[in-house]
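Take a look at the structure set out below.
Naming convention: chains lettered A, B, ... in sequence-line order (proteins, then strands); numbering from 1 in each chain.
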Amino acid sequence: MADPVKELGEAVLAAAAELGATPKKRPTLERPPQADLGDYSSNAAMLLAGALKSPPREVAERLGEKLAGALGDAVERVEVAGPGFLNLHLSDRWLKAAAAAALADGDRFGRTAYEVSERVLVEFVSANPTGPITVAAARHAAYGDSLCRILEAAGDEVEREYYVNDYGGQVQRFAASLRARALGQEPPEDGYRGDYVAEVAARIDGAAELDDDELAKRGVALMVDAVRATLERFGVEMDRFSSERALQEGGAVDEAIERLAERGHVYEQDGATWLRTTDYGDDKDRVLRRSNGEKTYFAADIAYHEDKRERAYDHAIDILGADHHGYVGRMKAAWEALGGNPERLEYVIMQLVNLVEGGERAQMSKREGQFVTLDALVDDIGVDATRWFLVQRSPDTALDLDLDLARSHSQDNPVYYVQYAHARIASILRRVDAERVAAAVAGDLAASPEALHPSARDLIKKLLELPEEIRVAAERRAPHRIAADATEVAQAFTAFYRDCKVIGAAEEGGDEDLRLALCELARRTLASSLDLLGVSAPDRM
RNA sequence: GCCCCCGUAGCUCAGCUGGAUAGAGCAGCGGACUUCUAAUCCGCAGGUCGCAGGUUCGAAUCCUGCCGGGGGCGCCA
C-alpha cells in the first residue's frame, strides 16, 4: 500500500542512522505551521541532539545534508529553522509521483497502510430491549460502527456485537406492561408507559393469556427486531446479538461463579455471594448472587466476558455510557480474576447526549415513554447528518444536540460541505469520458510538465495524510478525527478548484490530465472518509 | 467524601502520548454569482488555552493543588 509520507519519514530515520544515533522516539514528519517553511518538517535533530552531544541546529544541518543526498531530485532544498526543525521543500516531481502512487491503490488508498492485523470484538449499543433505540444509544451506534470501520481500514479483523439484556427485572416489568396494554389497562406504576408498548402488545397473539416468561420472550424478540431494523436503517449491521437469557439459562453464569470460587475470589456474606473485586483495584466488593438466590446482571456479564475471552480476541472493546463508567472497575477485576489479560479488555466511555429543544434540555426516560427515538431523529434530519453530528465530537465530550438547530439550519451542517465537495468533483469528472479519466489516473503523473500551483501542492499533501489519519484514528479510537480530516480535505479541494481550472486547463498553461487525476484522488479520499463515518458520498446535490 | 469526563474565539468544538506565530464551523461585519455546482469563495474582526505552582531547551498538551460544569458511587441495569 502506498504511503509516500511514511517513506519520507523512513528516509529521515535512515539519515539519522548515518549520523550514528537512533532517536529515543520516532521523529515527527508533519506539515509546518506556515506554507513558506516548507512542505514537511521533522523534529529529528532535536531528538538526536542529546545523544550526539551537539546543538540541535548543528545536528539538523548535518542531517539535512545526508537527507538531501539520499532523496536526490525529490527534494528542492532543506532548511534548518527555529530551535532545530528540519524543513523539507520537495520538488513538484515528488508530489506528482506520490499522487500517482496513491492513485495506484484505487479505492483502498490509505487503508491497511500499517499491516498489524488484530482480531477485535467491539460491543456497543446493547440498549435494553424494552424500548426503541434512543438518541443516547444512537451516539453509541454512530461511534461504535465508525470505530469498527476505521479499525477495519487500519487492517484489523472486526466483529460487531450487541449484548441483549433479555433477562431479569426490567424484562419482567416490560412483560407486565405488555399484559396491561393487552388487557386495555394502564401499565403498572413501575412499568413502561410509551405508546410503543401497546403496539408491541397488539402484535403478540393472545398476549393477555401467555405466561410471564413467554410474554417477555415474545416482547423482547419483537423489540430486538425493531432495534435491528433501526440500526440497519442507520447503516449499522451487527455481526451478533448475544443473549443474557441464554447465558443465565444455559448455566454459563453458574459456571463462571464456580470458576471464580475455585480461584478463591468468592465469599458468602449476609446470605449473598460476593466477588472480592477489591483484590484487583475495585473500591468495594460486588455481589454475584443475591440473598434471594437471583444472580446479578454483573454475574451474567462476567459469564459473557468469559465467553469473549474464550473466543480469543486480541482486543475486546466495550463501549459504555458515562452513566455506567462506575461499572468498569468491577468488570476489569472479574476479567483479571479469571485470568484475562487486562490489556485485552478495553473500555470506551461515551459522555452523554442531551437533547435541547426550545432552548431547554429535554429529559429522557424510557420508563415514562418520554424520549426521542433514533428513528424520529433520522426522519427529521436524515441518516447522513445524524451520523455526522453524533460522531464529529470526541466521545469524551458531552454532546448537546439542539433539535431546533438540526432542523432549521441543517444546511449549515459541515457534512453537507464535505458531501458537496464530493458532488462537485463528480460533476467535473462527468464532463469528460470515463476512459479519459481512467487514462489520466493511470498516466505517468511525475512526467507532467505542469508547475504545480500552491493550491495543488496543498491538496496533494492533504490527500497524502490519509493513511496516517486512519492509523491514528484507529489507534486512539477517535472517529471524530476522520470527520475533521474530511472537512480539511474538502477545504483543500475547494481551494484547488478555485485556483486551478480542470476542464480546459491548457488555457492557463496547466495539464488537464494531471488535474483530472488529482480530482479523482480527492474524490476517492472524500468518499473513503465519508464511508468510514457511515455517511454517503453523493455524485449530485 | 471518593472516582471518571469537560473547561481553548460571542456559540459549538478540534488540537492534549511536549515543538515554530493556538485552529475549524457557526454567529458578526465587508466583498464576489456571464460558475468545470454560490449547499461556494475572499477579506476583516474575535484568545489571560479556568486559576496558581511545578517539570525543561520548549507546556493548551505532562505533574500537583484549587475553582466551575456534567456523570457515577445499589443485593438496579
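Taking atom C1' in both B:C6 and B:G15, the straight-line distance is 15 Å, to the nearest Å. With C1' as the reference atom, B:C13 and B:U37 are 29 Å apart, rounded to whole Å. Distance noted for atom P between B:C16 and B:U56: 24 Å (whole Å). B:U61 and B:G18: their P atoms are spaced 12 Å apart (whole Å). Spacing of C1' atoms, B:C49 relative to B:A59, comes out at 11 Å, to the nearest Å. The same atom, C1', is picked in B:C5 and in B:C42; the two are 39 Å apart, to the nearest Å. Taking atom P on both B:G28 and B:U48, the two are 23 Å apart, rounded to the nearest angstrom. With both ends at atom C1', the span from B:G7 to B:C51 equals 11 Å, rounded to whole Å.
Closest to the side chain of A:H325, out of B:C75, B:U40, B:G72, is B:G72. With B:U21, B:A20, B:A14 as the choices, the nucleotide that has an atom nearest any side-chain atom of A:P33 turns out to be B:A20. The side chain of A:T494 approaches B:U40 more closely than any other nucleotide in the set B:A77, B:U40, B:C36.
A search for salt bridge (Lys or Arg N to Asp or Glu O under 4.0 Å) contacts involving A:D499 returns nothing, not counting sequence neighbours. Here A:H315 pairs with nothing under the ring-ring contact (aromatic ring centres under 6.0 Å, His included) rule; sequence neighbours left out.
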Report summary line: The dot-bracket string of RNA chain B, counting Watson-Crick and G-U wobble pairs with both distances under 3.5 Å, using [ ] for crossing pairs and | for pairs to another strand, is (((((((..((((.....[...)))).(((((.......))))).....(((((..]....))))))))))))....
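Using a cut-off of 4.0 Å between Lys/Arg side-chain N and Asp/Glu carboxylate O, A:K332 and A:E336 are scored as not salt-bridged.
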Using a cut-off of under 3.5 Å, enumerate the N/O to N/O pairs linking the protein to nucleotides 49-51 of chain B.
none

Detail all sub-3.5 Å separations between protein N/O atoms and N/O atoms belonging to nucleotides 6-10 of chain B.
none

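Looking at heavy-atom distances under 4.0 Å, A:R498 makes contact with sugar-phosphate atoms alone, never a base. A:A81 comes within contact range of at least one nucleobase, with a heavy-atom separation under 4.0 Å. Contacts of A:Y497 with the nucleic acid, taken as non-hydrogen atoms under 4.0 Å apart, include base atoms. Using a 4.0 Å heavy-atom cutoff across all strands shown, A:A322 reaches sugar-phosphate atoms only and no base atom. Residue contacts shown for A:H480 are limited to sugar-phosphate atoms, with no base heavy atom under 4.0 Å away.
Contact check, A:K295 against B:C75: no side-chain N or O comes under 4.0 Å of OP1 or OP2. Not one side-chain nitrogen or oxygen of A:R330 sits closer than 4.0 Å to the OP1 or OP2 atom of B:C76. Under 4.0 angstrom from either OP1 or OP2 of B:G74 there lies at least one side-chain N or O belonging to A:K284. Side-chain nitrogen and oxygen atoms of A:R26 include none within less than 4.0 Å of the OP1 or OP2 phosphate oxygen of B:U17. Not one side-chain nitrogen or oxygen of A:Y327 sits closer than 4.0 Å to the OP1 or OP2 atom of B:C3. A:Q491 has a side-chain polar atom (N or O) that falls below the 4.0 Å cut-off from OP1 or OP2 of B:G25. For the pair A:R476 and B:C16, the criterion of a side-chain N or O lying under 4.0 Å from OP1 or OP2 is met.
Judged by distance alone, the side chains of A:D318 and A:H305 do bring a donor and an acceptor atom under 3.5 Å apart. A:Q419 and A:D384 are linked by a side-chain donor-acceptor pair at a separation below 3.5 angstrom, with hydrogens and angles left out of the test. There is a side-chain donor-acceptor pair under 3.5 Å between A:S242 and A:E161.
If A:E244 and A:S41 are placed on RNA chain B by their nearest nucleotide, the residue sitting closer to the 5' end is A:S41. Map A:D283 and A:N87 each onto its nearest nucleotide of RNA chain B; the residue landing nearer the 5' end is A:N87.
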Requested in this report: Would you please test A:L288 and A:I302 for side-chain contact (heavy atoms from CB on, under 4.5 Å) and show each step?
Outcome: CA-CA 9 Å; A:L288 296 171; A:I302 292 171; 3.5 Å; yes
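Classified by interplanar angle (parallel below 30°, tilted 30° to 60°, perpendicular above 60°), the ring pair A:Y163/A:Y304 is parallel.
To the nearest angstrom, C1' of B:C75 lies 12 Å from CD of A:E268.
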Using distance only, find each side-chain donor-acceptor pair of residues 39-47 of chain A under 3.5 Å and give its atom names and separation, not counting sequence neighbours.
unit_1, atom_1, unit_2, atom_2, d
A:D39, OD1, A:R457, NH2, 3.1
A:D39, OD1, A:K461, NZ, 2.7
A:D39, OD2, A:L90, N, 2.6
A:D39, OD2, A:R457, NH2, 2.7
A:S42, OG, A:T28, O, 2.9
A:S42, OG, A:A44, N, 3.1
A:N43, OD1, A:T28, N, 2.9
A:N43, OD1, A:T28, OG1, 3.1

